K.L.:
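Below you'll find the structure I mean.
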Amino acid sequence: MGQNRVLWLLDALERDPRADAAIDKLTRSVRALPLGRARDGLHGRWLGHPVHPLMVQVPIGSWMSAAVLDLWPGRSREAGLLVGVGLAAAGPAALAGAVDWAELRRQQRRVGLVHAVVNTAAVGLYGASLLCRLTGRAGAGRAYGFLGLTAVGLGGMLGGHLAYRQASGANHAEEVPHVVSEGWHRIGTVDEFPAGRPVRRTVDDVPVLVVREPGGTFHALAERCSHLAGPLSEGTVADGCVRCPWHGSVFRLSDGWNVRGPATAPQPAFDTRVVDGRVEIRLRREDGTERPDGHETDEAPTRAGSEEGEGHGRSS
């Protein structure tokens with residue numbers, strides 16, 4: 001069976017560069033908004049995943065409910081109230097979506113721009129619906145409302161493509177705990193890790209970022225940024241954190257916590273130790289899970305391994 005027509009059109013939209021100039025200009029404008037700490041709030045860092053999908057439930061739910069009431073005679077006033085609620089909630093939801101959109105890949109932003117245009121059309125149709133209802137033209141108000149709901153459905157389909165086909169907003173480091181095997185993994189000798197410089201290693205085909213502090217302490221995190229898989233080993237290290245070179249997410253080296261967005265999920269972290277001059281790492285599990293053989297790990301986790309002789313980690 002061949003590719004269906006809708007998916008073919010969406011794939012073509014991802015590859016179409018004609019709107020790139022407008023996309024770049026809008027991206028700069030959104031990034032320049034003086035949002036301060038509110039930007040991370042709109043990204044959903046406090047929630048652990050993007051907040052935009054949560055916020056859109058209010059306008060979508062309100063407009064869907066208004067459509068149901070419009071099918072019942074004599075309920076136009078209540079339907080109009082719901083249309084107004086949806087319009088009031090659409091603005092904050094759109095702002096959260098725009099902040100996320102400005103930090104996506106170009107192919108994602110192409111689809112996201114059309115998603116935004118369609119939803120803007122829906123808001124315009126619902127605005128016309130509310131105006132007609134307030135001026136006594138209930139029939140026209142219902143017609144605009146149903147047209148608006150159709151546009152909302154199309155916008156939702158595009159949003160679903162962004163979220164599930166293109167993985168915008170997904171945690172791109174989620175698979176690490178399911179791929180890295182249990183136990184300690186040797187990743188090199190101590191002298192292979194210059195102090196203060198990020199180094200990339202691989203464990204079970206999973207890229208790992210390793211940073212040695214000037215005092216000898218080692219830190220290790222999953223190397224691909226949880227936001228959009230940016231290469232953290234190419235980022236900058238400062239103040240005990242690493243900054244992603246792609247979109248500026250900042251992660252704490254000691255535990256992978258996402259100090260600043262747009263990343264909404266932390267990086268998987270590894271325990272470290274030095275044995276006979278060789279650095280070893282082990283995936284840190286915070287949930288207390290046991291090894292596959294049913295026995296707990298035989299060594300206590302080491303939050304920050306260091307040079308031998310300093311009492312961190314245990315040789316085997």
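Note that the structure is predicted; figures quoted are calculated from it, not measured. When reading the values below, keep in mind they use all heavy atoms of this one structure, side chains included, and skip hydrogens, waters and symmetry mates.
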K.L.:
So how far is it from L158 CG to L154 CG, rounded to the nearest 0.5 Å?
P.N.:
5.0 Å

K.L.:
Quick test of your reading of the model: are D276 and R278 salt-bridged, counting only N-O distances below 4.0 Å?
P.N.:
no

K.L.:
Among all residues two or more places apart in sequence or in another chain, which pass the salt bridge (Lys or Arg N to Asp or Glu O under 4.0 Å) test with R201?
P.N.:
E192

K.L.:
Measuring only between side-chain heavy atoms, which start at C-beta, is V210 closer than 4.5 Å to P198?
P.N.:
no

K.L.:
Under the salt bridge (Lys or Arg N to Asp or Glu O under 4.0 Å) rule, collect the residues that match up with R252, sequence neighbours excluded.
P.N.:
D255

K.L.:
Is F218 linked to V211 within one hydrophobic cluster, defined over Ile, Leu, Val, Met, Phe, Trp and Tyr using a side-chain heavy-atom separation of less than 4.5 Å?
P.N.:
no

K.L.:
Mind telling me whether H247 and H227 have parallel, tilted or perpendicular rings, with 30° and 60° as the class edges?
P.N.:
perpendicular

K.L.:
Could you check I60 against V152 for side-chain contact (heavy atoms from CB on, under 4.5 Å), going step by step and ending with a plain yes or no?
P.N.:
CA-CA 7 Å; I60 292 175; V152 167; 4.0 Å; yes

K.L.:
Ignoring hydrogens and angles, tell me if any N or O in the side chain of S129 forms a donor-acceptor pair with the backbone of L125 under 3.5 Å.
P.N.:
no

K.L.:
Could you tell me whether the side chain of I23 reaches within less than 4.5 Å of the side chain of K25, counting heavy atoms only?
P.N.:
no

K.L.:
Can you sort out the partners of R5 under side chain to side chain contact (heavy atoms under 4.5 Å, CB included), two or more places apart, ordered by chain and number?
P.N.:
W8, L9

K.L.:
Flag yes if more than 12 heavy atoms outside M64 fall under 6.0 Å of its CE atom; otherwise flag no.
P.N.:
no

K.L.:
If you measure from SG on C244 to CZ on F251, what distance do you get to the nearest 0.5 Å?
P.N.:
6.5 Å

K.L.:
Enumerate the side-chain hydrogen bond (donor to acceptor under 3.5 Å, both in side chains) contacts for residues 81-90, please, sequence neighbours excluded, ordered by first and then second residue.
P.N.:
none

K.L.:
Would you give the length of the straight line joining atom CD1 of I281 to atom CG of D271, rounded to the nearest 0.5 angstrom?
P.N.:
9.5 Å

K.L.:
Do the non-hydrogen side-chain atoms of L42 and L35 ever get within less than 4.5 Å of each other?
P.N.:
yes

K.L.:
Are W63 and Y126 an aromatic pair by the rule of ring centers under 6.0 Å?
P.N.:
yes

K.L.:
With sequence neighbours excluded, tell me which residues meet salt bridge (Lys or Arg N to Asp or Glu O under 4.0 Å) with D20.
P.N.:
R106, R110

K.L.:
Quick one: do W257 and L221 end up in the same hydrophobic cluster if we chain Ile, Leu, Val, Met, Phe, Trp and Tyr together by side-chain heavy atoms under 4.5 Å apart?
P.N.:
no

K.L.:
Checking R197 now: which residues fulfil salt bridge (Lys or Arg N to Asp or Glu O under 4.0 Å) with it, not counting sequence neighbours?
P.N.:
none

K.L.:
Would you kindly confirm whether L10 and V118 end up in one hydrophobic cluster when ILVMFWY residues are joined by side chain heavy atoms under 4.5 Å apart?
P.N.:
yes

K.L.:
Please answer whether the main-chain N or O of R37 pairs with a side-chain N or O of R260 as donor and acceptor at a distance below 3.5 Å.
P.N.:
no

K.L.:
Roughly how far apart are T272 OG1 and F193 CZ, rounded to 0.5 Å?
P.N.:
10.5 Å

K.L.:
Given the rule in the side-chain contact (heavy atoms from CB on, under 4.5 Å) test, do L228 and H172 qualify, once you have shown the distances and angles that lead to the verdict?
P.N.:
CA-CA 6 Å; L228 282 177; H172 288 259; 3.7 Å; yes

K.L.:
With sequence neighbours excluded, what pairs up with D11 under the side chain to side chain contact (heavy atoms under 4.5 Å, CB included) test?
P.N.:
Q3, L7, E14, R15, H161, R165

K.L.:
Within a strict 4.5 Å, meaning less than it, do heavy atoms of the R31 and E103 side chains meet?
P.N.:
yes

K.L.:
If Ile, Leu, Val, Met, Phe, Trp and Tyr residues are connected whenever their side-chain heavy atoms lie under 4.5 Å apart, and connections chain through other members, are V208 and V279 in the same group?
P.N.:
yes

K.L.:
Report yes if some heavy atom in the side chain of S249 is under 4.5 Å from a heavy atom in the side chain of R243; otherwise report no.
P.N.:
no

K.L.:
With side chains defined as the heavy atoms from C-beta onward, is the minimum distance between P194 and V199 less than 4.5 Å?
P.N.:
yes

K.L.:
Scan the side chains in residues 73-89 for donor-acceptor partners under 3.5 Å anywhere in the protein, sequence neighbours excluded, and list what turns up.
P.N.:
none

K.L.:
Can you check side-chain contact (heavy atoms from CB on, under 4.5 Å) on R109 and T27, steps first, answer last?
P.N.:
CA-CA 9 Å; R109 280 182 286 155; T27 297; 2.9 Å; yes

K.L.:
Using side chain to side chain contact (heavy atoms under 4.5 Å, CB included) as the criterion, list what pairs up with V180, not counting sequence neighbours.
P.N.:
V176, H185, V203, D204, V206, F270, L283

K.L.:
Report whether V123 and L147 are members of the same hydrophobic cluster (ILVMFWY, side-chain heavy atoms less than 4.5 Å apart, transitive linking).
P.N.:
no

K.L.:
Would you indicate whether the side-chain heavy atoms of L13 and V114 approach each other to under 4.5 Å?
P.N.:
yes

K.L.:
Answer yes or no: is there a side-chain heavy-atom contact under 4.5 Å between V242 and L253?
P.N.:
yes

K.L.:
Roughly how far apart are D191 CG and R212 CZ, rounded to 0.5 Å?
P.N.:
8.0 Å

K.L.:
Hey, could you give me each pair passing side-chain hydrogen bond (donor to acceptor under 3.5 Å, both in side chains) that has a residue in residues 42-54? Not counting sequence neighbours.
P.N.:
D40-R45, H43-D100

K.L.:
Which residue pairs pass the salt bridge (Lys or Arg N to Asp or Glu O under 4.0 Å) test when at least one of the two sits in residues 219-242, sequence neighbours left out?
P.N.:
R200-E223

K.L.:
How would you list all residue pairs meeting salt bridge (Lys or Arg N to Asp or Glu O under 4.0 Å) that involve residues 123-151, not counting sequence neighbours?
P.N.:
D70-R133

K.L.:
As an exercise, state the distance from OH of Y144 to CG of L130, rounded to the nearest 0.5 Å.
P.N.:
13.0 Å

